[in-house]
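To keep things clear, I will list the structure first and then write my remarks on it.
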Amino acid sequence: NKDSHGESDLYVSFIQPDGSWSKPLNLGAQVNTAAAEISPVLASDMKTLYFSSKGWGGMGNYDIFVTRRLDNTWTRWSKPQNLGPAVNT
């Protein structure tokens with residue numbers, strides 16, 4: 001995909017009034033790295049995103065991170081924070 005940042009990226013799509021889905025939007029380089037990002041979970045506040053990544057460094061192969069959406073573009077996010085050794089090994 002031409003908007004990909006690497007192995008596996010995270011995208012968002014929105015349901016349209018006719019029930020179809022919008023074209024997937026890449027969440028951008030503030031979330032996606034050249035390595036793989038997988039398993040996204042969006043919290044009920046619609047701003048807090050948990051995901052696994054091999055590209056942000058950490059304690060193991062796929063660590064779990066949290067980031068927060070900064071605006072309504074879905075492409076501006078806070079720097080992902082590793083959830084630490086209580087969650088990641």
Heavy-atom distance under 4.5 Å between the side chains of Asp9 and Leu27, does that happen here?
no

Here the pair of heavy atoms bringing Asn72 nearest to Arg69 is OD1-NH1, 3.1 Å

Nearest heavy-atom contact between Thr33 and Gly55 is OG1-CA, 3.3 Å

Students often mix this up, so state it plainly: with edges at 30° and 60°, are the rings of Phe65 and Trp56 parallel, tilted or perpendicular?
tilted

Under 4.5 Å between side-chain heavy atoms, counting indirect links through other Ile/Leu/Val/Met/Phe/Trp/Tyr residues: same cluster for Val31 and Leu42 or not?
yes

As a quick check of understanding, evaluate side chain to side chain contact (heavy atoms under 4.5 Å, CB included) for Val66 and Leu83, giving each step before the final call.
CA-CA 7 Å; Val66 63; Leu83 293 185; 3.8 Å; yes

Ile38 with Leu49, same ILVMFWY side-chain cluster at under 4.5 Å:
no

Where is the tightest heavy-atom contact between Arg76 and Gln30, given as atom of each residue plus distance?
CA-OE1, 3.1 Å

At what distance, to the nearest 0.5 angstrom, does NZ of Lys47 lie from CG of Leu70?
9.0 Å

What are the two closest heavy atoms between Asn32 and Ser8, and how far apart are they?
OD1-O, 4.4 Å

Could you check Ile15 against Trp21 for side chain to side chain contact (heavy atoms under 4.5 Å, CB included), going step by step and ending with a plain yes or no?
CA-CA 5 Å; Ile15 193 134; Trp21 290 92; 3.9 Å; yes

Counterpart residues, ring-ring contact (aromatic ring centres under 6.0 Å, His included), relative to Trp77 (two or more places apart)
none

Using modelled atom types only, decide if a donor and an acceptor are shared between the side chain of Ser78 and the backbone of Thr67 within a distance under 3.5 Å.
no

The reported gap from CD in Gln81 to CZ in Arg68 (rounded to nearest 0.5 angstrom) is 8.5 Å

Treat each ILVMFWY residue as a node, draw an edge where side-chain heavy atoms are under 4.5 Å apart, and state whether Met46 and Val41 are in one component.
no

Nearest atoms (heavy-atom pairs only) where Ser22 meets Ser13
O-OG, 3.3 Å

In this structure, would Leu25 and Leu10 fall into the same cluster of hydrophobic residues linked by side-chain contacts under 4.5 Å?
yes

